[in-house]
Amino acid sequence: MDRRSGNRHPPTPRTKSLLLLEYGLLFIALPLSYAYDWVPLPVIPALWVLSAGCLAWLLLNPRFRRRKLWDVRPLREQFGPIALTFLLGVPVLLAATLLLAPERLFGMVRERPLLWALIMISYPVLSVYPQGIVYRVFIFHRYRRLFPTAPARIAASAIAFSTVHIVFDNWIAPVFSLAGGVLFAWTYERSGSALPAAFQHALFGCLLFTLGLGWYFYSGAAGP
């Protein structure tokens, strides 16, 4: 019996192939179709549709523990490591902004403060948490038989999270998202709850928008 996955028998090669095909279609082919403008739906509504579908699958799956979606206790337990990684990340992302786009440093805060404030409030709820459902909770649970080890699941999550950011048509978004994807998936793996990873994701995302690199992470942004 595979105790980690809860299956009495290991997956067959056919099952693995089908899961791999599904993963490739959802998390590689779908973002590529957006990159080539083959999908007319805007990015955020598309995220909500995908998130709703993944959430429905999770809630209908009897082996999924729903507490993973809202359990706040692991957030308290992981607050220290999350705060530490954020404090270490601030000078790194500040240096990256000065190197890659110095003209954008605090640009939104200075030039469009109301938009910046709106993003600080809405981004965690309308973007971060739906992404967490799709790129961490769903991937970790749905593809556990395909990626049976923690490093493999973290890699699968980070690759999918990075690939979806190619829709923004610049190299900065997917590269930075790969690093963030590893960090957020690692937090989810450790905590077993969506909230710590979402909180960490929101902190770094809001930081990017505050510093100026957030310009590369919303629809319509072009490369430097």
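This one's a predicted model, so the numbers in the text were calculated from it and none came from an experiment.
For R110, the CZ atom sits in a packed shell: over 12 heavy atoms of surrounding residues, nucleotides or ligands are nearer than 6.0 Å. Summarising the local packing, CZ of F79 is surrounded by 12 or fewer heavy atoms from other residues, nucleotides or ligands at distances under 6.0 Å.
The backbone N or O of V167 lies less than 3.5 Å from no partner atom in the side chain of D169, so there is not a single donor-acceptor pair.
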* To do: Decide yes or no on side chain to side chain donor-acceptor pair (under 3.5 Å) for S191 and Q78, but give the supporting numbers first.
  => CA-CA 7 Å; S191 66; Q78 296 297 323; 5.9 Å; no
* Quick one: do L69 and L59 satisfy side-chain contact (heavy atoms from CB on, under 4.5 Å)? Show the steps, please. => CA-CA 10 Å; L69 295 169; L59 295 178; 3.9 Å; yes
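Here the options are W215, Y123, F204, the test is ring pair (Phe, Tyr, Trp, His ring centres under 6.0 Å), and the partner is F209; only Y123 passes.
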Which donor-acceptor pairs under 3.5 Å do the side chains of residues 87-105 make with protein atoms, sequence neighbours left out?
residue : atom : partner : partner atom : Å
T97     : OG1  : L93     : O            : 2.8

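Aromatic ring centres of Y23 and F147 lie closer together than 6.0 Å. Between F161 and H201, the distance separating the two ring centers is shorter than 6.0 angstrom. A ring-centre distance under 6.0 Å is found for F140 and Y188.
V125 is linked by a side-chain contact (heavy atoms from CB on, under 4.5 Å) to nothing, counting only residues two or more places apart in sequence or in another chain.
R66 forms no cation-pi arrangement with W70, by the criterion of a distance under 6.0 Å to the ring centre and an angle within 45° of the ring axis.
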